[in-house]
Trainee: 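Before I ask anything, let me first share the structure, which is written out below as structure tokens.
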There are 4 protein chains.
Amino acid sequence: MAARKEFGPSQPFKGLNINGSLHMTIQTGVLIETLSALGAKVRWCSCNIFSTQDHAAAGIAKAGTATVFAWKGETLPEYWWCTEQMMTVPGADGCDQLVDDGGDATLLIHKGKEFEEKFAKDGSLPDPSSTTNAEFKCILQLLRDSIQVDKTKYTRMAAKCKGVSEETTTGVHRLREMAAKGELLFPAINVNDCVTKSKFDNVYGCRHSLPDSIMRATDVMIGGKRALVAGYGDVGKGCAFAMRGAGARVLITEIDPICALQACMEGFQVVTLEEVVGEVDIFTSATGNFKIITLEHMKKMKNNAIVCNIGHFDNEIAMEDLEKSPGIKVENIKPQVDRFVFPDGHGVIVLASGRLVNLGCATGHPSFVMSCSFTNQVLAQLDILENCTKAKKYKNDVYLLPKKLDEKVAALHLPALGASMTKLSKEQADYIGVPVEGPFKPDTYRY
Amino acid sequence: MAARKEFGPSQPFKGLNINGSLHMTIQTGVLIETLSALGAKVRWCSCNIFSTQDHAAAGIAKAGTATVFAWKGETLPEYWWCTEQMMTVPGADGCDQLVDDGGDATLLIHKGKEFEEKFAKDGSLPDPSSTTNAEFKCILQLLRDSIQVDKTKYTRMAAKCKGVSEETTTGVHRLREMAAKGELLFPAINVNDCVTKSKFDNVYGCRHSLPDSIMRATDVMIGGKRALVAGYGDVGKGCAFAMRGAGARVLITEIDPICALQACMEGFQVVTLEEVVGEVDIFTSATGNFKIITLEHMKKMKNNAIVCNIGHFDNEIAMEDLEKSPGIKVENIKPQVDRFVFPDGHGVIVLASGRLVNLGCATGHPSFVMSCSFTNQVLAQLDILENCTKAKKYKNDVYLLPKKLDEKVAALHLPALGASMTKLSKEQADYIGVPVEGPFKPDTYRY
Amino acid sequence: MAARKEFGPSQPFKGLNINGSLHMTIQTGVLIETLSALGAKVRWCSCNIFSTQDHAAAGIAKAGTATVFAWKGETLPEYWWCTEQMMTVPGADGCDQLVDDGGDATLLIHKGKEFEEKFAKDGSLPDPSSTTNAEFKCILQLLRDSIQVDKTKYTRMAAKCKGVSEETTTGVHRLREMAAKGELLFPAINVNDCVTKSKFDNVYGCRHSLPDSIMRATDVMIGGKRALVAGYGDVGKGCAFAMRGAGARVLITEIDPICALQACMEGFQVVTLEEVVGEVDIFTSATGNFKIITLEHMKKMKNNAIVCNIGHFDNEIAMEDLEKSPGIKVENIKPQVDRFVFPDGHGVIVLASGRLVNLGCATGHPSFVMSCSFTNQVLAQLDILENCTKAKKYKNDVYLLPKKLDEKVAALHLPALGASMTKLSKEQADYIGVPVEGPFKPDTYRY
Amino acid sequence: MAARKEFGPSQPFKGLNINGSLHMTIQTGVLIETLSALGAKVRWCSCNIFSTQDHAAAGIAKAGTATVFAWKGETLPEYWWCTEQMMTVPGADGCDQLVDDGGDATLLIHKGKEFEEKFAKDGSLPDPSSTTNAEFKCILQLLRDSIQVDKTKYTRMAAKCKGVSEETTTGVHRLREMAAKGELLFPAINVNDCVTKSKFDNVYGCRHSLPDSIMRATDVMIGGKRALVAGYGDVGKGCAFAMRGAGARVLITEIDPICALQACMEGFQVVTLEEVVGEVDIFTSATGNFKIITLEHMKKMKNNAIVCNIGHFDNEIAMEDLEKSPGIKVENIKPQVDRFVFPDGHGVIVLASGRLVNLGCATGHPSFVMSCSFTNQVLAQLDILENCTKAKKYKNDVYLLPKKLDEKVAALHLPALGASMTKLSKEQADYIGVPVEGPFKPDTYRY
């Protein structure tokens, strides 16, 4: 709201196409409205097949604020069709700036250009049968179809796009890999690592939405239960404290000794999944990696153990293996809650089909968190405008937002929480060598 | 389940009518089934106009397990009609034993007999216009109608009922008042004050269901908010720790210096509502008293303050005054969530119309808590059977269940939580002067 | 202080001898001064061989406020000599009223009378060699000597003593056993079970003084450690939350299923000592029972495991067995900190020789807790004065203080913590059926 | 220990002089021994006038492990004399490598060289009367004396020193300022910002040692008290959770909106000191800035408010102003605990004369924290050896230790806490793009 008030009158995005791939929820609607209020023409799709709130999508579409391609419960081919439609700007080669979450839209441009170049070179088309990954199959099919219609669609799109602001750890990770290999086609702003995004979105957001999801989905008492959280990064920290706050006994798995030490120092038990798999009541995967909870694990779980994922992709839990497991039966208890029953009679309760449980079983992060996160997105898009679209200051690399903007996001949200801020005197600011108005910390500071 | 296994074969309740007035939820269904499995003929109604889960009521009715009179969203006259139907056993003067929650069923018998006696003496009928209390008006009308049809219906019902097991603080309080005045018509078992009921139902149950309710109803981030809990009894304690666990700053109001001191010792701020009413984001009433959050308070709240009640009756919040406040407008946001807008433009968001928020906005206490609670109810009904129906050991007074049974309820629930119990040696038991198998504590012990 | 101001002028204890056996600390000094200020002649000893603060004892003795028999580091025979001297009032048969902690003074009177009667009957003297218990040996020797000098000393003392106020769980337990057997020689006031004593002394006091003791004694980081607390009663609850607050992972052992269930519901792991003895870093015994941490346990502990007791007697830890264990060596690290090294080379660090760690290694409970506790003692002594010494209202049984006095103790301590109390309106008080000024809760209420 | 085992045999520091200025405690002794065991000749002084543990200094000196200049309770001139002696290596121009804490040793070299150059240019000597800062006066006097004896002592010392590893935020801040101005004379390793140093030393160390200090110094019950923590950086976070863990109500002051938002999200109240100064029981300054708790604040505090500092320098509290305040009286309660009484009769209890309370009133951080911290120091000194002394890879700038070493420090400490680590599979490592053995996180990761 504050951003609209401050930047709306000057219409900085006037004449620009901004496309986005990000969970199509009520809160995202506010982000879209803000981009639109600042002058942009906006196209949008969701970055997860289950995360769309249909009323949110409908509201935005109806008001004409943006063109939206998203509904709850897309199939994978539908999902990628939506992404393609969103990226395809009628009467233009593509968008000027991109908002991405998880990097699927960015991936599509990069893969599109790659296969178009390959086709130009040797006439070969992408081959969906070359992969067993269901999702990548869809991409290959989509690009196979696209190249046959327009041989340079994604190449032109990549040229037109001046920058992307990426929302998530996973997306930033992919961007860094591309930048490291010299393959990144335009500059990227890492919104994920703003403190007011990463800590608030990951730690506080998940602290709220994990118990919310489990309670809505299962009505199970969390107090007294043994809750295992795989991963003690920011998301895992939020989950662990939420489970403890609700009275559970929390166990952590970790690969990183620093995070493991932090877990110990907070009194959590650090275990391997194998050691405790038969005793745990609630499993939550929060790693950002894959194959964390395997079929073998699920076979050994106690009856009616709850299994969910709040990391990023549904492959944190071996859903494919589970679904194909011989003799497995699925009881749908209610939408997004399935009991997979093994031949021996014991079952595990899987939430949101292994996809993000807070989007599938609750309503995602609460507005306050998203407001922090999306205020960062707006400032990032303005930063791209200044430094990529108008000027060419940024290389094809991954950049953090300036700390001053991060602090601004925080400052904008403090009054609602009743905080009284202390002001640094000039003398004190000089003593510690920072400006009176900030930024207050060195870049290495970890908060 | 354990109770059914242990007592089912001997059919102890065979031939008995057991009536109940208790939130008609899925979990209550399990209680009803257990009473039925032990041989009883069961009739049931809900003890709250909003708390019925229609599918639960339908399930029980359909299976023929009990005769049920309850639906979600009853009017007050409908509520009391349901209560009367539940109490009226076809072909009998009334039930043999009663399960009550809040004391409405017990109240109806006592008031019925009182007015029948008054009518017998002076021919006067109950006069609904003699009271301004909307609920008591319904009772008076009901009894006015009843007496004209059957002059001794409740008198006979009272004579037939051998005892009641009462679920709540409020109900026990009413029973004690009646017992103190010598007006109690049959013995009562205080289930509410069993440790496995009171601590688990009030502290742990509300710790779970308050945040569950607020999150489902509003999707508001609890972290960072200022949350006031009125009352730091067992319910208030559960609420306060839940709000802190979710990251809120918690403020407490109290009248009892001992509870206030406990709140201080846990680091909660003890305030009066008046001091902080304009700063608080979420108000939760948990007192068991009335007129706690008044119209004047709500007039002074900040815009979109959330107001809810997890005490007992809806009169903890001055709903009547609010609804009648001049110029007030009501926006229904979704079922059970209303925004009351004052003429000055600020609004307060009232959950569940001021009735119990965990029943109105969530699904009540989770099964684990209810299992503790209802296992106590079954043992209490068996105790009534032994000591009131078969023998006449109890006077018309209020009794606690023996501590041994309380410990038994706990012991039955521990294996599910993975606890390894230590056994007292004979030598140790003798040293502290208790039996090896318990009970382990004196009656004064507070847990 | 408030008690002195209120009761001092009327000198209620004028002419009375009040004797006490209670840890001779600075805070106890304030209790002694208060009794003295209200007119009593006071004699005192400590109830623990290590708990005397010599400067506190000296201060009281020097000021002439009381006659004190206590020093830090008494031997067992010295301890019982001190107790006898304290009980022996020059020029009188004994004291008029007694303050006791753990029941040693009360035990001495009862045993004294018992053996005097036995001697009168059959001329037999107590035989120290008849017991292997080191402490009971001292008592028998003391009484053997005493009877040879004065055959009815304790019989007359018992007759003169009008009542005792007992400070601890253990002491109350002993009193209840004596009352149950009809052997209690005078009425007893149970101060231990006042809420403002039991919760504040046990829960909050130990929450403060356990980490204080461990940190002072060992300088070991509690964060990250595995801390086992034996017993989850009030003392255990305080200890468990203190260890968690300091970042430890907490494990609980319990015999009582209700307390075990409470521990589970707070997210603590309930284990048997045997299961985890080799992994735990810090063992704290908080049961009030004996033989909790045995020699066999200590043999299996990891090297430099810390072992301490905050229950009541030093026999919670098998100190005698440890000291006599073949090949054991003791390294004194500093006062009250000993490392017992087993022949296999691993050692355990025992604090305060297994006696109360918060008295041996820190300075006992902080003043705020003791002020709550000792205000209760003063009110209890006044209650004995009214109902035992002046009137004979009480039988030889164990009584709780009236709840109104308990609430008064709380109310006297709230202003210091900045609490703003809410006042009950007359209408509200009537609604819940309590006086406007309290008491606010039924006797069964558990807080 | 692990470092000694790994590097001891190769004697990497053989022939090198390593000097250090760092609190001369038992734990530092272990660091000194390790440096010595790796071959270094070590000279040491304390970096705080109160922080020396005399037995630790004596132990090291006696064993001949290092030459030590330090005792508890130095005057300022003595403190700087010690620093100079430590820096003056007999038979050499100075040390080869330096360990610093707070930057005083580094400051002395830089100021020494600066004034020696000024003297060479214009013959002017440092003038102690040119400053009102008591500490800087000492430095100027010391250098005035030094230049008259040896005109290039510090210039030669600067040339000889190949690098410094700095322990604290304050010291790193000073180094960064010097580097930014191009004035830094040798490379510096920032040990402070290693995760295993900063989080463990600041967050967990202070979480342990703040309550330890307050309890030892005052025996005051922390539970129920209002505790204000100035600053919610890492130190402040540790303090805030420690105070909450002990049952206090915690209030925070902050200048940085991000940290303030974090405090809100954990349920702490963010205030200005002015708003609450009259209500708070315990004030802890944890900012790293100066003039935080002023004389005006202390005048308005309640009687017997406790005031302490766990930041860095004693000027966080306006001790000079307090001591000079007209009519002030000082009551020394015990060593390191003074009550300053204002003319109006109210007093404040200042711990450790405003210097670091955990060093003055307790025994500093516990060994586990220091082991993390000092293992980093040893690895940093080895890094200086490789990259500054042997090779010249580093410029005169401030460097972080490689993350791999940070993770190594964590991994070395996990077994003691019973953590079971999960191993990344090759496939998973590739999926997230990190080596199987780490480092696991990007440099921007905040933990």
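Order of the sequence lines sets the chain letters (A, B, ...), proteins ahead of strands, with each chain counted from 1.
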Trainee: Name the member of D:Arg174, D:Gln269, D:Glu266 that forms the most heavy-atom pairs with chain A at distances under 4.5 Å.
Mentor: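 The option with the most such pairs is D:Glu266.
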Trainee: Find out whether A:Pro257 and D:Phe440 are in side-chain contact, i.e. whether some heavy atom of one side chain is under 4.5 Å from a heavy atom of the other.
Mentor: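 Contact flag for A:Pro257/D:Phe440 side chains = yes.
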Trainee: Out of A:Thr169, A:Asn190, A:Thr253, A:Leu414, return the one with the most heavy atom pairs under 4.5 angstrom to chain D.
Mentor: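 Top option by heavy-atom pairs under 4.5 Å: A:Leu414.
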Trainee: Can you say whether D:Asp406 sits under 4.5 Å from chain A via the side chain, the backbone, both, or neither, judging by heavy atoms?
Mentor: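 Its backbone and side chain both get close to chain A.
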Trainee: Looking only at non-hydrogen atoms, find the nearest pair between D:Gly288 and A:Ile432 and report the distance.
Mentor: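 The answer is O-CG2, 3.8 Å.
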Trainee: Taking side chain as everything from C-beta outward and backbone as N, CA, C, O, which of these in A:Phe241 sits under 4.5 Å from a heavy atom of chain D? Side chain, backbone, both or neither.
Mentor: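 Neither the backbone nor the side chain of A:Phe241 comes within 4.5 Å of chain D.
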Trainee: Where on D:Leu400 is there a heavy atom nearer than 4.5 Å to chain A: the side chain, the backbone, both, or neither?
Mentor: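 Side chain only.
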Trainee: Chain A heavy atoms under 4.5 Å from D:Lys408: which part of the residue, side chain, backbone, both or neither?
Mentor: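 Neither part.
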Trainee: Any heavy-atom pair between the side chains of D:Val409 and A:Ile258 that's under 4.5 Å?
Mentor: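 They are not in contact (no side-chain heavy atoms under 4.5 Å apart), so the answer is no.
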Trainee: Looking at A:Pro439, A:Cys264, A:Ala429, which makes the most heavy-atom pairs under 4.5 Å with chain D?
Mentor: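 If we count pairs closer than 4.5 Å to chain D, A:Cys264 comes out on top.
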Trainee: With a sphere of 6.0 Å drawn around CD of A:Glu183, does it hold more than 12 non-hydrogen atoms of other residues, nucleotides or ligands?
Mentor: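 Atom CD in A:Glu183 is packed in, count exceeds 12.
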Trainee: Need one label for D:Arg207: side chain, backbone, both or neither, based on atoms under 4.5 Å from any heavy atom in chain A.
Mentor: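 The side chain, not the backbone.
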Trainee: Heavy-atom pairs under 4.5 Å with chain A - which of D:Glu177, D:Lys199, D:Lys423 has more of them than the others?
Mentor: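 Among D:Glu177, D:Lys199, D:Lys423, the one with the most close pairs to chain A is D:Lys199.
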Trainee: Identify which of D:Gln428, D:Lys237, D:Lys291, D:Glu407 forms the greatest number of heavy-atom pairs closer than 4.5 Å to chain A.
Mentor: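 Ranked by contacts with chain A, first place is D:Gln428.
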Trainee: If you measure only the distance, is there a donor-acceptor pair under 3.5 Å linking the side chains of D:Ser420 and A:Glu275?
Mentor: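 There is such a pair (donor and acceptor under 3.5 Å, judged by atom type) between the side chains of D:Ser420 and A:Glu275.
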Trainee: Would the number of heavy atoms belonging to other residues, nucleotides or ligands and lying under 6.0 Å from CD of D:Glu320 be above 12?
Mentor: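 12 or below, so no.
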Trainee: Is any side-chain heavy atom of D:Met265 closer than 4.5 Å to one of A:Val203?
Mentor: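 Side-chain contact under 4.5 Å: no.
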Trainee: Counting only heavy atoms closer than 4.5 Å, note whether D:Thr444 contacts chain A via side chain, backbone, both or neither.
Mentor: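 For D:Thr444, the side chain is the part near chain A, not the backbone.
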Trainee: So which of D:Phe268, D:Phe290, D:Tyr445, D:Phe368 has the largest heavy-atom pair count under 4.5 angstrom toward chain A?
Mentor: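 Winner by heavy-atom pair count: D:Phe290.
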Trainee: So, do A:Thr272 and D:Met421 sit near enough that their side-chain heavy atoms are less than 4.5 Å apart?
Mentor: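 With C-beta onward as the side chain, the pair stays apart.
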Trainee: May I ask you to name which of A:Asp234, A:Val270, A:Ile255 has the most heavy-atom pairs under 4.5 Å with chain D?
Mentor: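 Greatest number of close heavy-atom pairs with chain D: A:Ile255.
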Trainee: Side chain, backbone, both or neither: which part of D:Ser198 has a heavy atom under 4.5 Å from chain A?
Mentor: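 Looking at D:Ser198, just its side chain touches chain A.
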Trainee: Between A:Asn315 and D:Tyr431, does any side-chain donor sit less than 3.5 Å from a side-chain acceptor?
Mentor: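 Judged by distance alone, the side chains do pair up.
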Trainee: Is there a side-chain contact between D:Leu424 and A:Asn289, using heavy atoms and a 4.5 Å cut-off?
Mentor: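 A side-chain contact exists here, since the closest heavy-atom pair is under 4.5 Å.
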Trainee: Between chain D and each of A:Thr196, A:Leu417, A:Val195, count heavy-atom pairs under 4.5 Å; write down the option with the most.
Mentor: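 Max contact count across the listed options: A:Val195.
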Trainee: So does A:Leu261 get a backbone contact from the side chain of D:His413, meaning a donor-acceptor N/O pair under 3.5 Å?
Mentor: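 Not at all, since once roles are kept as given, no pair shorter than 3.5 Å links the two residues.
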Trainee: Of the listed residues (D:Asp256, D:Ile252, D:Leu273, D:Val271), which shares the most heavy-atom pairs with chain A below a 4.5 Å separation?
Mentor: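 Ranked by contacts with chain A, first place is D:Asp256.
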Trainee: For D:Pro442, is it the side chain, the backbone, both, or neither that has a heavy atom closer than 4.5 Å to a heavy atom of chain A?
Mentor: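 Side chain only.
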Trainee: Verify, without hydrogens or angle tests, whether D:Arg446 (side chain) and A:Asp193 (backbone) share a donor-acceptor contact under 3.5 angstrom.
Mentor: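 Judged by distance alone, yes, a pair lies under 3.5 Å.
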